[in-house]
Amino acid sequence: MPTVMTRSCSDCPYGTARVVGEGATGARLLILGEAPGADEVREGRPFRGRAGQNLDLLLVEAGVARDQVWVTNVVACRPFRLLDGTALARQVGNVNPSGAAMKACAQGLDAELEAVDPDAMVAVGVVSASRLYRKCVTLKDVNGRVGSYLAGDRTIPFLATYHPSPLSVNRAKGRRELIRAALERAWNLSPSDGQGHMEPP
Ligand code: URA
């Protein structure tokens, strides 16, 4: 198992510098983020900057071995919004990945999940949660529930929780604890925990 994973894609509206998943060989837990931001593009690695620092701290607090974790994103390129319908004026920042970008990256992400083959996953943020549930969900509804995602011929159990970005963490009291608890719980899931939980509530 390589420690980084390439992602091939086409027809993507972003198509800029790809930030690919990385982590431990034989990782037990996979963290699925939404998309790289400025820090990630600068360093060419997922979950850097403040969101990455928060995530690292929460993993330690959850008792999760960092060298048993794989981190990746729903889309590999930094999202932007076209302000005038052309690529000349782009708005970056807190822009969610478009449906077209998620579709273009879908096959690559599925191949990555299959290759990493983790025991469990944590989707952080509503974009990642909806991607694993294959429909729009709200974190309020799915937080704390075990879902399962079919990757190849394997069903991988997952939990969805809030995003560790400072914006998200500071938004509500107790949110940080919810993320920590989800990481700890997912770390203790076994592959068989995913069976029979295919549908979101
Ligand atoms: N950095 C990432 O790699 N993913 C996110 O979802 C947020 C920040």
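In what follows, residues are counted from 1 in the order of the sequence shown. Order of appearance sets the numbers: ligands from 1, and atoms from 1 within every ligand.
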>> What I'd like to find out is whether the side chain of L132 reaches to under 4.5 Å of the side chain of I156, using heavy atoms alone.
In response: no
> Would you call E43-R48 a salt bridge at under 4.0 Å N-O?
Replying inline: yes
> Got a salt bridge between R45 and E22, using NZ or NE/NH1/NH2 to carboxylate O under 4.0 Å?
Replying inline: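 Here R45 pairs with E22 in a salt bridge, since their nearest N and O are under 4.0 Å apart.
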Under a 4.0 angstrom heavy-atom cut-off, which atoms of ligand 1 come close to [X]?
X    : answer
G33  : 6 (O)
P46  : 3 (O)
H163 : 5 (C), 6 (O), 7 (C)
E34  : 5 (C), 6 (O)

>> Using a 6.0 Å cut-off, check whether atom CZ of R154 has over 12 heavy atoms from anything other than its own residue.
In response: yes
Side chains of residues 101-110: which donor-acceptor pairs under 3.5 Å do they make with residues two or more places apart or in other chains?
| unit_1 | atom_1 | unit_2 | atom_2 | d |
| --- | --- | --- | --- | --- |
| D110 | OD1 | R131 | NH2 | 3.4 |
| D110 | OD1 | Y149 | OH | 2.6 |

> atom 1 (N) of ligand 1: which protein heavy atom is closest, and how many Å away?
Replying inline: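 Answer, as residue, atom name and distance: E40 OE2, 2.9 Å.
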> Nearest protein heavy atom to atom 4 (N) of ligand 1, by residue and atom, and its distance?
Replying inline: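 Ranking protein heavy atoms by distance from atom 4 (N) of ligand 1, first comes N73 OD1, 2.7 Å.
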> If you look only at pairs with a residue in residues 32-58, which of them pass as a ring pair (Phe, Tyr, Trp, His ring centres under 6.0 Å), with sequence neighbours excluded?
Replying inline: F47-H163
>> Is there a polar contact between ligand 1 and F47, counting only N or O atoms under 3.5 Å apart?
In response: yes
> Just heavy atoms, cut-off under 4.0 Å: does S128 contact ligand 1 by side chain, backbone, both, or neither?
Replying inline: neither
> Judged by non-hydrogen atoms, does A35 sit under 4.0 Å from ligand 1?
Replying inline: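 Contact check A35 vs ligand 1: positive.
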> Closer than 4.0 angstrom: is that true for some heavy atom of R48 and an atom of ligand 1?
Replying inline: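 The answer is no, since R48 has no heavy atom less than 4.0 Å from ligand 1.
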>> Looking at D56, is its backbone amide N or carbonyl O close enough to the side chain of R66 to form a donor-acceptor pair, meaning the two atoms are under 3.5 Å apart?
In response: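 The answer is no, because no donor-acceptor pair under 3.5 Å joins these two groups.
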